[in-house]
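Ligands are counted one by one from 1 in listed order, and the atoms in each one are counted from 1 as well.
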Amino acid sequence: MSSIPYLKEQNGKKVLMVNDEPFIMLAGEVHNSNSSSVEYMEGVWEKADALGMNCLLLPVTWELTEPEEGVFDFSLVDGLIAQARARGKRLAFLWFGAWKNAQCYYAPAWVKKDMERFRRAEVEKGERFTRIESFHGMSYTTLSYLCDATREADARAFAELMRHIRAVDAAENTVITVQVENETGLMGAAREHSDEADARFAGAVPQEFADYLRAHMEMLSEDIAAAVASGAAQGSWEEVFGSAAEELFSAYHVAGYVGAVAAAGKEVYPLPMSANCWLNQGGEAGTYPSGGPVARVMGVWRYAAPAIDVLAPDIYVQNFTEICEEYAKCGNPLYIPETATHGHCGPREVYTVGRHHAMCYSPFGFEDMGGEFTASMGFLFGMDTSDPLLAMLQDVEEYRWYTDTLRSMMPLLTERYGTKKLQAVIAERPDDDTMVFGTYGFKALMSGPMIQRNDGVCLVLQETEDTFYVVANGCMLVPFSADQEKPYLDILAFEDGRFENGEWKRQRRLNGDEAAIMRYGEPVLLRIQLFAYC
Ligand code: DGJ
């Protein structure tokens, strides 16, 4: 009997194990409504095949799972699992419960209608509904993170889902991770303002929680850490956390809610579980969902939601590499459930695996890749810049090549997760173009007259001390000796090729002009053996 997918600690990194083998989710997340129809999904699976993906992230919604209280329907879940198996793919289900993009879109009608039992958040005192000026004047309502009845009902439904997945899938491990809720938090204010929320906010901060944060300042942003450091040792939220009090209050309660839902599911079937995040982009809490798992409150989520294994950023912003760094820290593996499908998408897949030893990379709405770039996608992806890659969609053939190549190298890659034997650089970080592996190194130049593209990426994997595999595109590769005693370098063997069933298959032996100038305008996989001397 196969073991349940789990996270294994390896050299300080967490690696996802599926059937006891390390697995990288080279995945895609479908548009929100597509997985509500097995029939509609046929074409979507085809697209996933065309992109070489090994896993799909699919919403499973509370409204369709429990249309009447206590009456469950898992026919859709069964249909999606059957389709995944027929296509040889894994699944990550996304539980759209009380939260979806900081709202309650996917709560069943019986929850939405019963506002006494399932209380709404009061962004403004006494109001269940508000308009948020800073957010395009949108009308806004969501369920309260303080409502026990909602949390209990949500947790019950989620546990039923996990029970069903265990019953139909534990022998096969088609479903390998589950996301609990979607982009949680409160818009429009840093915290709720009901009488109950006010009373709790004026009450004492749980001492163990305050002590935990003080002992884990590295899991907080600088401003929050400063507020925590200068607050009172005990007292009300404002006394203990000062200017950070409202966001910390929301994060404590949102994480507590999501953690309770996750724990109820894990008790039945302990798959690895994640919580995804609508990122903050500079404004105050409430201009982004307050209480959601933004990196600035990572410590709160660690404390209040221990059943959540991974905090996962949805990255549509342009400072992609910085966000990766914010999330790949403090033992949190890099797991990107959503990212844009524009021209940076393929290189970023290679980069996250090579640089951050990512567990999951998953473009959102991958169905669109290669098609037309619509106005709404432009808005989502921040098209109003001088970067032409933001205004075009990722090329499908190249994405497939990247994904196929990473898949074919998976055991080699995962064996090096958590070590310096796997590194990558990307054109988006021009300041950072050098990779050193003991006595050898590589520079990957990504701009200048020799380079015709602006989406360069280079991943280098050290096979043995002097031999390397290189995935490269849009760059010029310059190997060098990093050994001061032996500063000169020679190439002993140089090939391009591919992996087939884990075996390296050489295509060409490269030398002469191809060894003198290693410049790549199309994706290549290379194997190179170096020799340093004096
Ligand atoms: C982030 C959400 O998590 C997704 O479900 C989707 O709504 C995307 N935004 C883009 O629209």
Query raised in the report: Y402 and N473: side-chain donor and acceptor closer than 3.5 Å?
Result: yes
Query raised in the report: Which atoms of ligand 1 are found less than 4.0 Å from any heavy atom of D314?
Result: 3 (O)
Query raised in the report: Under a 4.0 Å heavy-atom limit, does W278 contact ligand 1 with its side chain, its backbone, both, or neither?
Result: neither
Query raised in the report: Do H253 and Y257 have ring centres separated by under 6.0 Å?
Result: no
Requested in this report: Taking only heavy atoms of E183 into account, list the atoms of ligand 1 that are under 4.0 Å away from them.
Outcome: 1 (C), 2 (C), 3 (O)
Query raised in the report: Within the structure, does E338 bring an N/O atom to less than 3.5 angstrom of an N/O atom in ligand 1?
Result: yes
Requested in this report: Evaluate the criterion ring-ring contact (aromatic ring centres under 6.0 Å, His included) for residue pair H31 and F364; output intermediate values, then yes/no.
Outcome: CA-CA 7 Å; H31 278 294; F364 175 82; 5.3 Å; yes
Query - Donor + acceptor pair across side chains of E29, S362 (<3.5 Å) - result: no
Query raised in the report: Can you list the atoms of ligand 1 that are under 4.0 Å from a heavy atom of N182?
Result: 2 (C), 3 (O), 5 (O)
Report task. State the atoms of ligand 1, each with its element, that fall below the 4.0 Å cut-off from a heavy-atom position in K100. Result -> 2 (C), 4 (C), 5 (O), 6 (C), 7 (O)
**Report entry** Between Q83 and W45, a side-chain donor and acceptor under 3.5 Å
**Finding:** yes
